[in-house]
Amino acid sequence: MAAKRERGRGREWEGDELAASPQPLAVPVLCLVRSAGDFAAGAFVGSLVGYGQGLITSKGMKGSLINARSSAKTYAALSGVQSFILCLLRRLRGKDDIINAGVAGCCTGLALSFPGAPQAMFHSCVTFAAFSCIMDGLNKQQAAMAATLGGHPSSTIKLQEGGGVLPPFTLPPLLDASDALASCSQSLFKPKQ
C-alpha cells in the first residue's frame, strides 16, 4: 500500500502508487480499471436501493425491477465517474486534496445531468462539487477524532497502558458536570427550597 505524507494543504502520495512517473497512456487506463470496480459496486447498490424503493411504493415486481435498473444506472455513473476523476487527478497532480474532490464532484454532476439545460448542468456541477468537498473534509477529520477518547489524548494512552480495549465508537456522556448543557439542565431540575 502507498505511504502518505502530509505536506502543505494536501496529502502527497509516495511509494508504489506514484514512485515512478507513469507513462501518459498508462494513467487513464489504470484509472479506468480501478474505477470499474466502483462502477460495478455502484450499480449493485443502486439496484438494491431501486428495488427496495419499488417494493415500498407498491409498484409490484415489474415496477420494482424497472426502478432498480434506473437507480443502478444513476449510482453506477455517480461512483464510476467520481472514482475515475479522483484517481486521474491523484495520479496527474501527485496530491490528494480538496481540489481533487471538488473537480471530481463537478465532473460527476456534469455527467449525471448531461443531456440538460446549461443552468441545470451548472447547478448540478456546483452542488456535487460542494458535497464532495464537504465529505472529503469530514473524512480527513475523522482520523483525528478517532484517535482520542472524550477529547483528551492522554486518556487514550492510559486506556492502552491499562490493558483495556477501546470500543470502536465511543461518545462522551451527554450530561457531564463540566458541560454547559449539563449545568443548565441541572439548574432546571434542582428542587426549590
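Heavy-atom basis, side chains included; hydrogens, waters and symmetry copies ignored.
Closest non-hydrogen pair, Ser47 versus Ala68, comes out as O-CB, 3.4 Å. The heavy-atom pair separating Gly105 from Ser132 by the smallest distance is CA-OG, 3.3 Å. The nearest pair of heavy atoms linking Leu112 to Ala77 is CD2-CB, 3.8 Å. The two atoms that bring Arg91 and Leu30 nearest to each other are NH2-CD2, 3.2 Å, heavy atoms only. The two residues Ala104 and Leu89 come nearest to each other via the heavy atoms N-CD1, 4.4 Å. Residues Asn67 and Gly50 share a closest heavy-atom pair of ND2-O, 3.4 Å.
Cys87 contributes atom SG, which lies 11.0 Å from atom CG of Asp96 (distance to the nearest 0.5 angstrom). With rounding to the nearest 0.5 Å, the separation of CD1 in Ile99 from CZ in Arg93 is 4.5 Å. Taking OG from Ser71 and CG from Leu78, the interatomic distance works out to 11.5 Å, rounded to the nearest 0.5 Å. The CZ atom of Arg34 lies 12.5 Å from the CG atom of Leu86; values are rounded to the nearest 0.5 Å. How far NZ of Lys62 is from OG of Ser64: 12.5 Å, rounded to the nearest 0.5 Å. For the atom pair Asn139 CG and Ile134 CD1, the distance stands at 12.0 Å (nearest 0.5 Å).
Side chains of Phe122 and Val126 form a contact here, defined as non-hydrogen atoms less than 4.5 Å apart. Contact of the Tyr51 side chain with the Met61 side chain is registered, since non-hydrogen atoms from C-beta on lie closer than 4.5 Å.
Residues Leu92 and Phe84 share a single hydrophobic cluster, defined by chaining ILVMFWY side chains whose heavy atoms lie under 4.5 Å apart. Residue Leu32 is not grouped with residue Phe39 when hydrophobic side chains (ILVMFWY) are merged at heavy-atom distances under 4.5 angstrom, including chains of intermediate members.
Each of Val103, Thr108, Leu110 was scored for a side-chain contact (heavy atoms from CB on, under 4.5 Å) with Cys106, with one residue passing: Leu110.
Side-chain N or O atoms of Ser79 include one that pairs as donor or acceptor with a backbone N or O of Asp38 at under 3.5 Å. Side-chain atoms of Ser35 do not come within 3.5 Å of backbone N or O of Ser83 as any donor-acceptor pair. A donor-acceptor contact shorter than 3.5 Å links the side chain of Thr74 to the backbone of Ser70.
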